[in-house]
Visitor: 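My questions will all concern the structure given below.
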2 protein chains.
Amino acid sequence: MPLNSDPIGFAHHDHASCVTDAVASVEARCIAAGLQFTPVRKRVFEILLEEHRALGAYEILDRLRDEGLGSQPPVAYRALDFLTKHDFVHKIERLNAFIACAHPHEVHTPAFLICRDCNAVAEAETNLTQGRLAQIASATGFIIERAILEAEGLCPNCIPKSEPA
Amino acid sequence: MPLNSDPIGFAHHDHASCVTDAVASVEARCIAAGLQFTPVRKRVFEILLEEHRALGAYEILDRLRDEGLGSQPPVAYRALDFLTKHDFVHKIERLNAFIACAHPHEVHTPAFLICRDCNAVAEAETNLTQGRLAQIASATGFIIERAILEAEGLCPNCIPKSEPA
DNA sequence: TGATATATGTCATAATATAACATATCAACC
DNA sequence: GGTTGATATGTTATATTATGACATATATCA
Ligand SMILES: [Zn+2]
Ligand SMILES: [Zn+2]
Ligand SMILES: [Zn+2]
Ligand SMILES: [Zn+2]
């Protein structure tokens with residue numbers, strides 16, 4: 001299974017400034033909201049940005065341990081709890097893994113496209129108040145607070161490999 | 001957290017014949033498709049139907065063990081693999097749990113409404129080829145093979161409790 | 001019947017996640 | 001600046017979810 005190391009929306013990008021930009025953006029939002037963007041939280045966010053792919057909590061913990069920032073699972077899980085709670089990072093339920101938000105501006109409803117071949121994950125924005133799910137909920141009398149939208153399949157880079165001409 | 005023991009779409013129903021009907025339906029489909037609906041697979045399906053809620057693999061395994069049908073995790077996971085592969089049962093990724101399909105007829109794309117208060121899960125049918133996710137995939141050149149659609153929130157039965165008049 | 005695929009029993013372990021509690025740091029107020 | 005309550009971290013232990021591996025049994029079909 002080949003690894004796609006740089007997939008935002010499955011297309012390669014510059015990546016030079018995107019890590020520092022995202023960190024600065026989140027730093028500002030934390031200050032504005034009175035949240036503590038502590039060293040561990042910041043480093044976990046940076047690790048996820050640098051990889052631009054979904055990482056398991058224990059992969060992240062390994063990195064933290066190497067860097068002397070914490071060696072026990074709760075350290076990683078607490079940082080991830082904070083980051084996901086504020087939508088700086090999203091959990092991909094299908095993979096039990098985490099990925100930095102690709103829209104580092106405000107609260108939103110992400111949807112993910114997960115490639116089963118290269119494991120790349122692309123994030124798109126959707127709207128909770130529109131769409132089939134909202135219709136169903138409305139008809140049922142259910143109040144949606146959060147939605148998990150994850151599609152599995154083949155990304156544009158991996159389709160050729162799977163469809164031998 | 002109160003338990004809703006009988007929620008199909010959050011509404012109570014007769015339940016008298018629904019277990020036997022669903023079992024008979026799946027049994028017929030297995031014969032038609034040349035699949036082996038073995039005792040363990042059948043019993044796991046029945047357990048999920050009887051409960052009408054999402055059960056973890058180890059809850060199911062406990063039941064199997066009590067009944068002398070198997071005591072080791074692979075027994076439960078293999079049966080669940082079979083049942084989910086053929087869409088007789090669905091996995092709720094958010095809960096790491098399994099629920100009997102509420103539409104025991106053919107291949108479909110389920111969407112789930114998960115109540116955070118009573119843990120009831122309702123299944124609705126959606127269409128993979130319509131909707132926002134399909135638009136996004138089409139625009140991206142991504143081929144969706146399977147979609148996970150899970151909404152969390154409050155079911156009609158639990159909204160009153162959470163909104164003190 | 002014999003060959004092959006499919007399913008089960010079982011032991012062991014991997015992978016993911018949280019409980020609990022002591023200590024440290026921060027934020028706000030006096 | 002020191003007190004205090006809230007928030008965050010360090011650490012040990014354990015819970016929960018899931019799979020690998022391999023022997024045995026059962027089903028399917030020529
Ligand atoms: Zn996002
Ligand atoms: Zn791919
Ligand atoms: Zn279904
Ligand atoms: Zn409810």
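The figures here come from the full heavy-atom set of this structure, side chains too, leaving out hydrogens, waters and symmetry mates.
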Visitor: For nucleotides 3-10 of chain C, give me every protein contact, N/O to N/O, under 3.5 Å, one pair per line with atom names.
Guide:
residue : atom : partner : partner atom : Å
C/dT6   : O3'  : B/Q36   : NE2          : 3.4
C/dA7   : OP1  : B/R41   : NH1          : 3.1
C/dA7   : OP1  : B/R41   : NH2          : 3.4
C/dA7   : O5'  : B/R41   : NH2          : 3.4
C/dT8   : OP1  : B/T38   : OG1          : 2.7
C/dG9   : N7   : B/R78   : NH1          : 2.9
C/dG9   : O6   : B/R78   : NH2          : 2.5
C/dT10  : O4   : B/R78   : NH2          : 3.3

Visitor: Please report, rounded to the nearest Å, how far the P atom of C/dT16 is from the CD atom of B/E93.
Guide: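 Rounding to the nearest Å, CD of B/E93 and P of C/dT16 are 13 Å apart.
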
Visitor: Name the atoms and distances for all side-chain donor-acceptor pairs under 3.5 Å in residues 63-71 of chain B, with sequence neighbours left out.
Guide:
residue : atom : partner : partner atom : Å
B/R63   : NH1  : B/E51   : OE2          : 2.9
B/R65   : NH1  : B/S71   : O            : 2.8
B/R65   : NH2  : B/D62   : OD1          : 3.2
B/E67   : OE1  : B/R43   : NE           : 2.7
B/E67   : OE2  : B/R43   : NE           : 3.4
B/E67   : OE2  : B/R43   : NH2          : 3.1

Visitor: Please state whether the phosphate of C/dT16, meaning OP1 or OP2, lies under 4.0 angstrom from any side-chain nitrogen or oxygen of A/Y58.
Guide: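 So the side-chain polar atoms of A/Y58 never come under 4.0 Å of the phosphate oxygens OP1 or OP2 of C/dT16.
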
Visitor: Round to the nearest Å and state the distance from A/F37 atom CZ to C/dT25 atom C1'.
Guide: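 These atoms are roughly 18 Å apart.
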
Visitor: Applying side chain to side chain donor-acceptor pair (under 3.5 Å), can you list everything that pairs with A/E145, at least two apart in sequence or on another chain?
Guide: B/R116

Visitor: Indicate yes or no: at least one non-hydrogen side-chain atom of A/L48 is less than 4.5 angstrom from one of A/L55.
Guide: yes

Visitor: Nearest-Å distance, CG (A/D62) to P (C/dA15)?
Guide: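 After rounding, the gap between these two atoms is 11 Å.
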
Visitor: Taking the side chain as every heavy atom from C-beta outward, state whether B/E125 and B/P110 have any atom pair closer than 4.5 Å.
Guide: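 Sidechains of B/P110 and B/E125: no contact.
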
Visitor: I want to confirm an ordering. Mapping B/G34 and B/L95 to their closest nucleotides on DNA chain D, which one lands closer to the 5' end?
Guide: B/L95

Visitor: For a 4.5 angstrom cut-off between non-hydrogen side-chain atoms, does B/C18 reach B/D21?
Guide: no

Visitor: Which atoms form the tightest heavy-atom contact between B/D117 and B/K161, and what is the distance?
Guide: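 So the two residues come closest at OD2-NZ, 3.4 Å.
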
Visitor: Please state how far atom CZ in B/R65 lies from atom C1' in C/dC11, giving the value in whole angstrom units.
Guide: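 That distance rounds to 14 Å.
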
Visitor: Determine to 10° how strongly the helix from C/dT1-D/dA30 to C/dC30-D/dG1 is bent, judged from the axes of its five-pair ends.
Guide: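 Comparing the axis at each end, I get an angle of 30°.
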
Visitor: Checking A/E123 side chain against A/F112 main chain: does a donor-acceptor pair fall under 3.5 Å?
Guide: no

Visitor: Give the first and the last nucleotide of DNA chain D, reading 5' to 3', that has any atom under 4.0 Å from a heavy atom of chain A.
Guide: D/dT7 to D/dT12

Visitor: Who passes side chain to side chain donor-acceptor pair (under 3.5 Å) against A/E150, sequence neighbours left out?
Guide: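 A/E150 satisfies side chain to side chain donor-acceptor pair (under 3.5 Å) with no residue once adjacent residues are dropped.
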
Visitor: Any side-chain heavy atom of A/L35 within less than 4.5 Å of one from A/F82?
Guide: yes

Visitor: Hey, is the main chain of B/I136 close enough, under 3.5 Å, to the side chain of B/T140 for a donor-acceptor pair?
Guide: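 Checking the backbone N and O of B/I136 against the side chain of B/T140, a donor-acceptor pair under 3.5 Å is found.
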
Visitor: What's the OH-P distance between A/Y77 and C/dA15, to the nearest Å?
Guide: 12 Å

Visitor: Scan side-chain atoms only and decide if B/H90 and B/H103 contain a donor-acceptor pair under the 3.5 Å cut-off.
Guide: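 The criterion, which ignores hydrogens and geometry beyond distance, is not satisfied for B/H103 and B/H90.
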
Visitor: What is the distance from CD of A/E59 to P of C/dA15, rounded to the nearest Å?
Guide: 11 Å

